[in-house]
Amino acid sequence: MRAICIFVIGISLLLWPASGVTNESQADNADISWMDDWENPPNSCRPLQIVHGADLTDPSQVLYYRDECGLGGLVVNVGGKDYIRDADNWKRFVLGVRNIKSAGLRVWIYDELGYPSFSAGGVVLEKDPALESLELVWDNESTPPFSVRPSYEFTHASNSYSESRRYPNPLNQRATDTFLDVTHNRYRLELGTDLYQYVEAFFTDEPSMMAVNLGTIPEENRVNVPIRDPLDPDKKMLPAVPWCDDMEQKYKEKYDEELQPHLISLFTGSSDEDRLIRARFWQLVAELDRTRFYKTIREFCQQDPSGPIASGHTLHEESLLHHVPLDGNKLEVLKEFDMPGLDLLSSNPEISHDGAWITAAFPCSAATLIGQRRVMTEVSDFAEKNYGNKQQVNLAAMEATAAWQAAWGVTEFTLYYQIQGEENSPYRNEACHKAYSLFVGRMNAILRQAQPVRPLLLYYPIEIIQEEYVPTAEKLALESQSTRIKQVINSFHDLANALVHSQIPFVLIDRQSLQEMLADMSNKDHAHRTKATCQDFAGIVYPLGVSKEKLNWPYPSFMEIPASSEETPISPEIWIQQAAAIAGPRLVMTPQEERLTQGAFVRDGRFIFMICNPTDTPYQGHAEFVFPEKMSFDGQVHFDGKGTGHEQLQKMKSMNWRVFDPQNGEIQTIQPQFQNEAALLEIELGPRQSLIYVSSSFEQAK
C-alpha cells in the first residue's frame with residue numbers, strides 16, 4: 001500500500017547542537033519512580049522461557065535459566081512419557097515448581113501437552129469420547145444433505161506441528177468442565193495452596209471450534225508429526241460449521257424460530273433472509289464459545305483470587321475471515337482472558353508494518369476494553385528457522401521484535417526462542433539470551449505500569465463477516481467469499497495499515513463492546529466485560545461498507561469518521577487528516593517514515609513514547625509533540641471535550657525530555673529546539689534500534 005503522508009512541515013532537517021543532548025546522572029533522575037527497576041530490572045519485568053515438560057528437579061537447572069540466561073520466569077507443564085496420567089510425573093513437576101519458587105523466578109503453567117489446548121493430551125476424550133468437537137456438513141450429493149459428524153480430519157487438530165489428535169468441543173459445557181478437572185483443578189490439588197498461589201497464569205494455546213479447513217502443513221514437517229488418532233482416508237471433504245447437541249434448542253430459545261428449515265442458508269444464498277440466518281447463527285455460536293469455554297476457564301481461575309489468572313492466545317489473529325469459524329467473534333473471546341495474548345511466529349521486525357501489527361492489535365485492544373494492562377506474547381523465530389535460509393535471528397532482530405510489540409502494549413514475553421544456537425547461528429547463546437532479557441526488562445521497567453493512550457477507535461465489522469461468511473470444503477480463502485465481505489475486510493486492513501504507517505495508535509472495537517460502553521456511562525455496575533469509559537476516546541473510524549452507527553455519545557466533540565459517503569469511498573487523505581486531528585498525544589515526525597512503530601503511554605503524569613525502527617536503515621529527523629485541542633490532562637489523558645490542562649501541556653512542549661535506550665541502559669536529556677514557534681525534538685534511531693522518550697511531569701509544568 002502506498003504511503004500516506006499526513007503532515008508536511010516546511011523546514012529543513014535541523015543540525016542539532018551538541019548542547020541539545022546531555023548525559024544524565026542518576027541523581028538527575030531521582031524524581032522518576034522507575035529508575036531502580038531500569039538499573040536492575042526485577043523478574044516481573046523480564047521474559048519467561050517456555051520449557052515444555054522439562055525436568056526441573058535439579059535446582060542447578062533452574063538457576064541456569066535465571067543466572068546464565070537472565071530470565072524472569074518459566075512456563076512449565078507436567079512432562080514424562082504418560083503426561084498427566086502418571087503420578088511420578090506430577091511429583092517431579094511439583095518439585096520443579098518448588099525449585100523455581102526458591103530461585104525467585106516467576107511461574108506460568110502451560111495447560112496442554114502440546115497444542116492446540118483443550119484435549120489434555122487426549123485425556124478429555126478418554127474420559128468421554130462423546131465430548132468430541134462436532135461439525136454440521138452439507139453434501140448436496142447425499143440424502144439428507146445435512147449431517148453431523150466429528151470435526152477432526154481437514155482441521156487444525158489433524159494439521160498441527162505438535163500431534164494429530166482428536167479434539168473436544170468448546171461448545172459443550174461438559175467438555176470444558178472435564179478439561180478443567182483433569183488440568184487446572186489437578187494442578188491446584190497437586191501443588192497445594194502455597195505453590196498454586198505462586199503461579200501467575202494458565203497459558204491456553206490456540207483453542208478453536210475446529211470446523212474449518214486451514215490447509216495442511218508442509219510435507220517436510222508433516223511427516224515428523226506424531227499421529228495419536230489415525231485419520232480416515234475415506235472421509236469426504238465437505239463445507240462445515242461448528243455444532244453441538246443442543247444447537248437447535250439454543251437457536252429456538254434465542255430467536256423463537258426453528259433452525260432446521262434454514263440450514264441451507266448457513267452454506268449458501270445471498271438473500272436478506274440468508275444473511276439474517278447466518279448472522280443469528282454465528283452470533284449464537286460466538287456466545288456459546290465465549291461462555292462455555294473461555295468464560296468457564298476464567299471463572300475457574302477466579303475461584304481463587306490469589307491464584308493464577310487465565311491467559312493465552314487464539315488462532316489466526318491476522319485473518320478476519322477466519323475469525324468467524326474459529327471463534328465466532330475474535331475480540332469478544334479475547335476479552336474473556338484476564339490477560340489476552342498473541343502468537344508471533346516470526347522475528348523479522350519489518351513485518352510489523354506489513355500487517356503483523358494485527359496480531360498485537362486484537363489482544364491489546366481486548367485488554368484496553370476490559371480495563372487490564374498486561375498483554376502476553378508467545379514469540380519465536382519459528383518462521384525463520386523453518387523457511388527460507390532456516391537460520392535463527394540475531395539479537396538485534398529479537399530486540400526490535402520485542403520493541404514493536406511493546407509499543408502496541410505487550411508486557412509479558414513468553415519465549416519459544418531456542419537458547420543455544422544451531423550450527424548456522426553461532427551468535428545465539430546464553431549471553432544473547434541474557435542481553436535480550438535485560439532489554440525486555442528495561443522496556444517493562446518503564447512501560448509495564450504505564451497506561452497506553454490510544455484515543456482513536458477502529459470499528460471491527462465482525463457482524464458483516466458473520467452474515468456474509470459461507471464455508472468451503474477446501475482451504476478457506478477470501479477468494480471464495482462474496483464481494484461485500486471482500487470489500488469490508490480489505491477496507492478494514494487498508495484503514496488500519498494507513499493508521500499504522502502514520503504512527504496513529506488505535507483500539508479495535510466491535511458493536512457489542514461499543515454498545516456496552518455507551519450503555520454504562522458511569523461504568524459503576526460492571527455488569528459486562530467492557531470496562532473502558534467514553535472519555536478514553538475521541539473518535540471512531542468505520543471501514544467501507546459499514547453503516548455509521550447512530551451513537552448517543554456523551555461528548556459533542558466525539559468524531560465519527562466513515563471511509564465512505566453513501567457507498568462512495570472518501571479520499572484516504574481526507575479521513576486520515578480527520579483521524580490525525582484527534583489522535584494523540586503523539587510525536588509527529590519529519591521526515592515521515594511509515595515503517596517506524598510508535599506507542600504512546602502515560603505514567604506518573606508524564607508522557608512516554610516508545611519508538612521502534614524495525615529496519616536496517618537508520619532514521620534521523622525531528623518530531624513535534626502534539627495533542628488534540630479537546631484533550632484534557634490532569635496527569636491522565638481524557639477526551640471529555642473540556643480541553644482543560646492545556647496551560648501545563650503547552651509548558652511541557654518546551655521542557656526537557658529524557659531518552660532511555662533499553663539496549664545499553666543509557667539515559668540522555670534532550671533540550672527542544674525551536675523553529676517557527678514549534679518545539680522540536682531530535683529523533684535519531686540506528687538500524688533496529690528502539691528508544692523511549694519521557695516528558696517532564698505534569699506537576700513540574702504547573
Crowded around Asn224 CG? As in, over 12 foreign heavy atoms under 6.0 Å?
yes
Could you check whether any side-chain N or O of Asp205 sits under 3.5 Å from a backbone N or O of Ser117, counting only pairs where one atom can act as donor and the other as acceptor?
no
Is the gap between the ring centers of Phe362 and His323 under 6.0 Å?
yes
Would you call the rings of Tyr416 and His52 parallel, tilted or perpendicular, taking 30° and 60° as the class edges?
tilted
Can you give me the closest heavy-atom contact between Arg278 and Leu266, atom names plus distance?
CG-CA, 4.1 Å
If you measure from CD1 on Ile351 to CG on Leu344, what distance do you get to the nearest 0.5 Å?
5.5 Å
Please answer whether the main-chain N or O of Gly328 pairs with a side-chain N or O of Gln466 as donor and acceptor at a distance below 3.5 Å.
yes
Between the main-chain N or O of Phe382 and the side-chain N or O of Asn386, is there a donor-acceptor pair closer than 3.5 Å?
yes
Side chains of Lys254 and Glu287: closer than 4.5 Å at any heavy-atom pair?
yes
Rounded distance [0.5 Å steps], CG in Leu326 versus CD in Glu206:
9.5 Å
For Phe492 and Pro543, work out which heavy atoms get closest and say how close.
N-CB, 4.0 Å
Donor-acceptor pair, distance only, cut-off 3.5 Å: does the side chain of Ser158 make one with the backbone of Thr155?
yes
When every non-hydrogen atom of Leu171 is compared with those of Pro242, the smallest separation belongs to CD1-CB, 4.0 Å
What's the separation between atom CZ in Arg186 and atom CG in Leu191, rounded to the nearest 0.5 Å?
11.0 Å
Within the distance-only criterion (no hydrogens, no angle test), does the side chain of Tyr152 pair as donor or acceptor with the backbone N or O of Asp229 below 3.5 angstrom?
yes
Test side chain to side chain donor-acceptor pair (under 3.5 Å) on Tyr251 and Glu257; report intermediate values, then the result.
CA-CA 7 Å; Tyr251 190 93; Glu257 72 171 352; 3.1 Å; yes
Verify the distance criterion only: is there a donor paired with an acceptor across the side chains of His316 and Glu318 at less than 3.5 Å?
yes
Taking C-beta and beyond as the side chain, do Leu214 and His322 meet within less than 4.5 Å on heavy atoms?
yes
Quick check: does any side chain N or O of Thr176 sit under 3.5 Å from a backbone N or O of Arg292, one acting as donor and the other as acceptor?
yes
So Tyr294 and Phe337, would you call those rings parallel, tilted or perpendicular, with 30° and 60° as cut-offs?
perpendicular
In Å, rounded to the nearest 0.5 Å, how long is the span from CG of Asp343 to CG of Leu315?
8.5 Å
CD1 (Ile227) with more than 12 external heavy atoms under 6.0 Å
no
Is it the case that the side chain of Asn213 and the backbone of Gly215 share a donor-acceptor pair, with hydrogens and angles ignored and the cut-off at 3.5 Å?
yes
Got a second to check how far Thr314's OG1 is from Leu334's CG, nearest 0.5 Å?
4.5 Å
Please check if any side-chain donor atom of Gln249 sits under 3.5 Å from a side-chain acceptor atom of Glu253, or the reverse.
yes
Contact summary for Ala563 and Leu544, nearest pair of heavy atoms:
CB-N, 3.7 Å
For Tyr417 and Ser347, test the side chains for any donor-to-acceptor distance below 3.5 angstrom and give the result as yes or no.
yes
Before we go on, tell me: are the rings of Tyr115 and Tyr110 under 6.0 Å apart, centre to centre?
no
Side chain to side chain contact (heavy atoms under 4.5 Å, CB included) for Trp108 and Met376? Distances and angles first, verdict last.
CA-CA 12 Å; Trp108 284 26; Met376 66 83 68; 3.8 Å; yes
Counting only heavy atoms not in Lys486, do more than 12 fall under 6.0 Å of its NZ?
yes
Under a plain distance cut-off of 3.5 Å, with no hydrogens placed, do Glu190 and Tyr196 share a side-chain donor-acceptor pair?
no
Can you list every pair that meets salt bridge (Lys or Arg N to Asp or Glu O under 4.0 Å) and has a residue in residues 107-117, with sequence neighbours left out?
Glu112-Arg165
Are side-chain heavy atoms of Val324 and Ile462 found at a separation under 4.5 Å?
yes
Could you walk me through whether Arg529 and Glu336 pass side chain to side chain contact (heavy atoms under 4.5 Å, CB included), step by step?
CA-CA 8 Å; Arg529 288 293 285 169; Glu336 289 297 334; 3.6 Å; yes
Out of Asp234, Asp232, Leu238, which one pairs with Lys236 under the side-chain contact (heavy atoms from CB on, under 4.5 Å) rule?
Leu238
Given the side-chain rings of Phe118 and Phe293, with only the six-membered ring counted for Trp, is the space between their centroids under 6.0 Å?
yes
Does the side chain to side chain contact (heavy atoms under 4.5 Å, CB included) test come out yes or no for Glu332 and Lys335, once each step is laid out?
CA-CA 5 Å; Glu332 290 302 317; Lys335 283 166 58 181; 3.3 Å; yes
What closest approach, in Å, do Ile309 and Cys301 show between heavy atoms, and which atom pair accounts for it?
C-SG, 4.0 Å
Leu189 and Trp90, any side-chain heavy atoms less than 4.5 Å apart:
no
Classify the side-chain pair Thr296/Gln173 by whether it contains a donor and acceptor separated by less than 3.5 Å.
yes
Donor-acceptor side-chain pairing of Asp510 and Ser513 below 3.5 angstrom
yes
Rounded to the nearest 0.5 Å, how far does CD1 of Ile109 lie from CD of Glu200?
11.5 Å
The residue among Val182, Asp177, Asp181 that forms side-chain contact (heavy atoms from CB on, under 4.5 Å) with Val124 is Val182
In the structure I gave you, are the side-chain heavy atoms of Val410 and Cys364 within less than 4.5 Å of one another anywhere?
yes
Main chain of Gly79, side chain of Asn89: is a donor-acceptor contact present, judged purely on distance under 3.5 Å?
yes
Give a yes-or-no answer on whether the side chains of Thr368 and Arg454 include a donor-acceptor pair shorter than 3.5 Å.
yes
Could you walk me through whether Val470 and Ser480 pass the side chain to side chain contact (heavy atoms under 4.5 Å, CB included) test, one step at a time?
CA-CA 8 Å; Val470 291; Ser480 67; 5.9 Å; no
Thr359 and Pro363 have their tightest heavy-atom pair at O-CD, 3.0 Å
Show me the pairs that pass salt bridge (Lys or Arg N to Asp or Glu O under 4.0 Å) and involve residues 460-475, at least two apart or across chains.
Arg275-Glu468, Glu463-Arg511, Glu467-Arg484, Glu468-Arg484
Could you check whether Trp408 and Phe506 have their ring centres less than 6.0 Å apart?
yes
Does Trp357 reach the side chain of Asn497, with side-chain heavy atoms less than 4.5 Å apart?
yes
Can you tell me if Asn169 uses its side chain to pair, donor with acceptor, with the backbone of Trp243 under 3.5 Å?
yes
Sidechain N-carboxylate O distance under 4.0 Å for Arg228, Glu163
no
